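Below is one structure, written out as structure tokens, with a few remarks after it.
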Amino acid sequence: MFFFGKLADTVVSFANDSAKSVVEEVVNPTVSFANNSARTVVEEVVNPTVSFANDSARTVVEKVLNPTVSFIDSQLQRPRDVLVQQQILDNLQESNGSNFPGDDYHSPDRKNWMAHLSVDKLTLNKIVWPGTHDSATNGIGDPLVTRWLGECQTLSIFDQLVLGTRVSDIRVQEDRCVCHGALSSYNVDVVLNDVIRFVSETQSEIIILEIRTEFGKKDPFEFETYLVDKLGQFLIHQDDNLFNKPVSEILPKRVICIWKPRESPKPSRGGILWNSDYLKDNWIDTDLPWTKFQSNLKHLSEQQPISSRKFFYRVENTVTPQADNPVVWVKQVTDRIRKHARLFISQCASKGYGDKLQILSTDFIEGDFVDACVGLTHARMKGQFDKISPS
């Protein structure tokens, strides 16, 4: 029995030693290898994958979701801003009205309104010139696709002049076609022929014809020579002394042509064409009507009185469609301020800027706009502004 007991102990000891060897030499290395492999997989595969996923999600949020949310917010906010600013102007109209010296004057003949004011007494610097913005855009672009993005006037240049417009804003490109940004239309010959027709049908009306190369376009070849050849007999030579002269002393010349090239030399001082020094403005690019209204008043207030000014200063009663606003139809946008032309003149008069307003331009010109400008001109001739003190 003793022998068998010793044998059993030996077998058990051997089994234990074998198991221990298996654990130490097989199981433990296998577990260690598995742990190391798992750790390697986590460090080299899982962690980078998670990190990549986090970075990708963060990039999507920063470059896609945030800008998208911001764009959507701006698209919703801009119409609200417009409504608030329109209400400010409406309230100002209701509380202050749109009365000014000459507001009840209506020319018996808008085609000849200067003649009816007496050209012997009407000096150039007393005129409040009714102007149009982007004047030659009637019929521009495709009628179904792009016209509503670029058309600022529906009347031809001739019809605008007959209505009473006396300042035209013409943009041209290299091929001598009129244009507005990327949209182009008829040859500028159409404009000049309309001007010639108008001055041929009237006797005492002075016109300011501004022609400029559109932004981003090249000057038409030898365009200055072309303008002189086309309009020469009607052109009024540049002369600083003209501003204080009555219209009767300027006639029979009829057209002040201001040529604004982008690359070519500008017309020389004292020449037959006027250069950009003689027509200035402080245009701002906005579709917010109260912002534009305030800016126009501010910049006008900083100008010299017309009695001492040797250039024309233009105020544009217009606003411009913007990319961050879903409403980009020119007519709908510019109507936000267009209806407040008389209010603007009224504010000029009440604030003491009535002797500074000179050119007032609009989109989609109408007869009432012309009457307002002519009425203010009539009041100046009657000396009515001498009796007004700023409020």
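Everything numeric in this text was worked out from a predicted model, so none of it was measured.
- No hydrogens or angles considered: a donor-acceptor pair under 3.5 Å links the side chains of Asp285 and Gln322.
- Relative to the six-membered ring of Tyr313, Lys356 misses at least one condition, a distance below 6.0 Å or an angle of at most 45° to the axis.
- The distance from atom OG of Ser307 to atom NZ of Lys126, rounded to the nearest 0.5 Å, is 8.5 Å.
- Under the 3.5 Å distance criterion, with hydrogens and angles disregarded, a donor-acceptor pair is assigned to the side chains of Asp120 and Ser248.
- Listed for the Trp274 side chain is a donor-acceptor partner under 3.5 Å among the backbone atoms of Ile236.
- The number of heavy atoms from other shown groups lying within 6.0 Å of CD (Glu201) is above 12.
- Counting only distance, with no hydrogens or angles, the side chain of Arg380 and the backbone of Gly354 share a donor-acceptor pair below 3.5 Å.
- A cation-pi arrangement is not found for Arg338 relative to Phe364, the charged atom failing to lie both closer than 6.0 Å to the ring centre and inside a 45° cone about the ring normal.
- In terms of modelled atom types and a separation under 3.5 Å, the side chain of Gln160 and the main chain of Ser135 share a donor-acceptor contact.
- With Thr213 contributing its side chain and Lys218 its backbone, the two residues share no donor-acceptor pair below 3.5 Å.
- Of the possible donor and acceptor atoms, none in the side chain of Gln153 sits under 3.5 Å from a partner among the backbone N and O of Thr137.
- No side-chain donor from either of Glu94 and Asn96 sits under 3.5 Å from a side-chain acceptor of the other.
- Judged by distance alone, with hydrogens and angles left aside, the side-chain atoms of Asn282 form no donor-acceptor pair with the main-chain N or O of His299 at under 3.5 Å.
- You'll find the ring centres of Phe243 and Phe312 inside the 6.0 Å limit.
- Not one N or O on the side chain of Arg314 forms a donor-acceptor pair closer than 3.5 Å with the backbone of Leu279.
- Of the possible polar contacts, one joining the His180 side chain to the Gly150 backbone as a donor-acceptor pair under 3.5 Å is found.
- In this structure a side-chain-to-backbone donor-acceptor pair under 3.5 Å is present from Arg254 to Glu205.
- There is a path of hydrophobic side-chain contacts, each under 4.5 Å, that joins Ile272 to Val199.
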